> 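Okay, handing you the structure first.
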Number of protein chains: 2
Amino acid sequence: MTSDSAPPTVGRPRLSGEATGSPRLDIIREATALFVAKGYAETTMTEIARSAGLRQSSLYYWFARKELILQTLLEENRSSLALATVLEAQPGPVAPRLYAVLHADVLQLCSAPLDFYEFERVARLQPQNFGAFFDDYAQLHRMIESLVRQGVDAGEFDAVDPADAATAALGLNEGLQRHYRLPLPGVLSYSADEVCRLSADTTITRLLAHRDDLAAIRAAATELSAGAAEAGES
Amino acid sequence: MTSDSAPPTVGRPRLSGEATGSPRLDIIREATALFVAKGYAETTMTEIARSAGLRQSSLYYWFARKELILQTLLEENRSSLALATVLEAQPGPVAPRLYAVLHADVLQLCSAPLDFYEFERVARLQPQNFGAFFDDYAQLHRMIESLVRQGVDAGEFDAVDPADAATAALGLNEGLQRHYRLPLPGVLSYSADEVCRLSADTTITRLLAHRDDLAAIRAAATELSAGAAEAGES
DNA sequence: GCAGGCTTTCGATAACTTATCGAAAAGGCA
DNA sequence: TGCCTTTTCGATAAGTTATCGAAAGCCTGC
């Protein structure tokens with residue numbers, strides 16, 4: 001099984017002409033489009049195969065199980081954890097750091113090809129293959145909990161329980177990504193930017209001891225995100 | 001097709017002895033237990049049939065499709081709408097009324113036999129059969145939006161956008177019921193009462209202009225719920 | 001008492017799903 | 001030329017929801 005980006009030169013030819021690129025990447029690309037359009041459970045291996053230009057059984061040469069396609073195309077699940085790890089250890093006021101983490105998390109959830117809860121459902125059915133997902137989630141929870149604790153200790157935040165606040169913040173993030181992704185009829189829908197701001201605004205406002213300068217916190221959070229991105233690139 | 005609570009006296013006898021009660025109610029009871037234990041998608045008609053004491057194909061005499069079982073056992077979806085309708089039109093301070101509505105909504109979500117998002121997924125695949133669900137959801141959203149607007153107008157709440165605040169409140173409710181129902185490994189789990197309080201506390205605290213008396217709001221909300229329940233019974 | 005109708009259950013089966021397996025069809029290489 | 005590797009394919013197993021006609025009892029009218 002080669003992993004090049006060019007179509008293979010060996011092997012039995014396809015009935016539907018030759019592949020345009022690497023079969024593996026073609027499959028991932030077409031599967032991503034189908035998952036975005038219809039969700040994971042409603043997308044069949046036969047449909048993925050037809051889009052990718054081969055037969056259903058041939059898919060299993062590249063991915064032994066359907067969920068391995070999902071696992072591959074979502075390898076960087078919840079990578080906002082990287083930003084959280086950087087900002088959690090950074091000095092300075094807490095609110096902008098937490099705002100940046102929350103905003104980045106919702107943005108990632110909204111940008112993913114699959115609803116968070118549908119992904120979680122698949123992961124829960126195959127815990128042995130998705131251990132990294134659960135580890136990342138627990139660690140993101142700890143990072144947010146730590147940021148809240150810093151804010152409480154500094155008097156910047158209300159005297160809340162940090163673990164509860166982290167659970168509420170993540171629950172709100174996940175619940176709002178769902179509203180963005182699958183808006184219910186009769187309730188107005190939101191853009192990704194709007195839900196990111198709504199979620200981060202809501203959590204931060206609930207925590208702040210003094211609510212005078214939300215706009216300043218937003219601006220500082222944007223700077224922090226940009227700075228962390230530059231540092232990550234260098 | 002009879003609807004009594006006694007086992008039928010007519011019809012071909014079952015291979016596995018006679019039924020103990022109404023076949024219809026037996027099926028609903030057994031399906032409920034299975035949905036609670038394994039979820040809807042992971043429960044098969046064969047399992048429901050085995051638990052209810054008949055064969056898979058015989059289920060279709062009582063319920064033409066699997067989702068009709070779900071629809072029947074969840075007929076009062078989101079009945080916290082009744083409390084919201086009463087309290088939305090009631091005079092007096094807003095915070096206790098909104099707290100009571102939010103608390104009751106989370107309690108109902110946590111008490112239901114199925115995860116809200118899994119139910120919503122089934123409803124979305126069969127909108128014609130679940131129109132009442134979407135109507136109820138939209139109306140609950142409007143009730144909460146109205147309560148928030150009342151609070152803002154009275155100066156009791158921050159000057160937020162009522163529609164956004166309602167979306168965030170419902171998103172938090174749904175996200176936290178998920179954390180109650182399916183806790184992720186590595187993150188501590190909550191009881192139903194704890195998530196109800198966490199969700200309502202979080203939303204109300206974010207909205208309140210002055211946060212001095214959350215305990216008093218909780219107490220007043222409890223009284224309002226009890227009063228509305230009594231009025232509903234009489 | 002029994003013939004026909006009604007109610008309920010059953011077995012067989014269709015259509016669709018994920019997944020497995022051996023065979024087939026090429027290129028590369030001795 | 002003949003064999004090995006890579007890739008694809010068709011056939012098929014096992015599981016799912018759902019349909020259909022037949023079977024097996026009661027009940028009613030006569």
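Note that the structure is a prediction, hence the values are computed from the model and not measured. Scope of the values below: all heavy atoms of this structure, side chains included, with no hydrogens, waters or symmetry mates. Letters go in sequence order (proteins before strands), and every chain restarts at 1.
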> Can you see which heavy atom on A:Leu83 is nearest to which on A:Ala100, and at what distance?
CD2-O, 3.7 Å

> For the helix from C:dG1-D:dC30 to C:dA30-D:dT1, figure out the bend between the end axes, five pairs an end, and round to 10 degrees.
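The end-segment axes of the helix from C:dG1-D:dC30 to C:dA30-D:dT1 are tilted 40° relative to each other.
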
> Students often get this wrong, so: under 4.0 angstrom with heavy atoms, is A:Ser58 touching a base, only sugar-phosphate, or nothing?
base

> Tell me if the centroids of the rings in B:Tyr190 and B:Tyr180 come within less than 6.0 Å of each other.
no

> Could you check which of D:dC9, C:dT18, C:dT9 has an atom nearest any side-chain atom of A:Arg14?
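Of the options given, the side chain of A:Arg14 lies nearest D:dC9.
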
> Suppose we call two aromatic rings close when their centres sit under 6.0 Å apart. Are A:Phe35 and A:Tyr40 close by that rule?
yes

> Base, sugar-phosphate, or nothing for A:Ser57, non-hydrogen atoms under 4.0 angstrom?
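A:Ser57: base contact, heavy atoms under 4.0 Å.
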
> Could you tell me the separation between the CG atom of A:Leu68 and the C1' atom of C:dA19, rounded to a whole number of Å?
12 Å

> Please test A:His141 against A:Thr167 for side chain to side chain donor-acceptor pair (under 3.5 Å), starting from the C-alpha separation and ending with a verdict.
CA-CA 7 Å; A:His141 193 281; A:Thr167 300; 2.9 Å; yes

> Phosphate oxygens OP1/OP2 of C:dT9: is one of them under 4.0 Å from a side-chain N or O of B:Tyr61?
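For C:dT9, OP1/OP2 do not have a side-chain N/O of B:Tyr61 under 4.0 Å.
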
> Under the rule for salt bridge (Lys or Arg N to Asp or Glu O under 4.0 Å), what residues qualify as partners of A:Glu42, not counting sequence neighbours?
B:Arg121

> Ignoring hydrogens and geometry beyond distance, is a side-chain donor-acceptor pair present between B:Asp115 and B:Gln177 at under 3.5 Å?
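Per modelled atom types, B:Asp115 and B:Gln177 side chains form a pair under 3.5 Å.
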
> Give the B/S/- string for nucleotides 22-30 of chain D, one per nucleotide from 5' to 3', where a protein heavy atom under 4.0 Å of the base yields B, of only the sugar-phosphate yields S, and otherwise -.
-BBBSS---

> With a distance cut-off below 6.0 Å to the six-membered ring centre and an angular limit of 45° from the axis, does A:Arg124 pair with A:Phe130 as a cation-pi contact?
no

> Would you please confirm or rule out a distance under 4.0 Å between OP1 or OP2 of D:dT19 and any side-chain N or O of B:Tyr60?
no

> When you check the side-chain N and O atoms of B:Thr46 and B:Gln56, is any donor under 3.5 Å from an acceptor?
no

> Got a salt bridge between B:Arg142 and B:Glu88, using NZ or NE/NH1/NH2 to carboxylate O under 4.0 Å?
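No, B:Arg142 and B:Glu88 are not salt-bridged.
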
> Once you round it to whole Å, what is the distance between P of D:dA18 and CD1 of B:Ile48?
11 Å

> Could you check how far NZ of A:Lys66 sits from P of C:dT20, rounded to whole Å?
15 Å

> Report the distance from atom CD of B:Gln56 to atom P of D:dT19, rounded to the nearest whole Å.
11 Å

> Phosphate oxygens OP1/OP2 of D:dT8: is one of them under 4.0 Å from a side-chain N or O of A:Arg55?
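The answer is no; no side-chain N or O of A:Arg55 sits under 4.0 Å from OP1 or OP2.
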
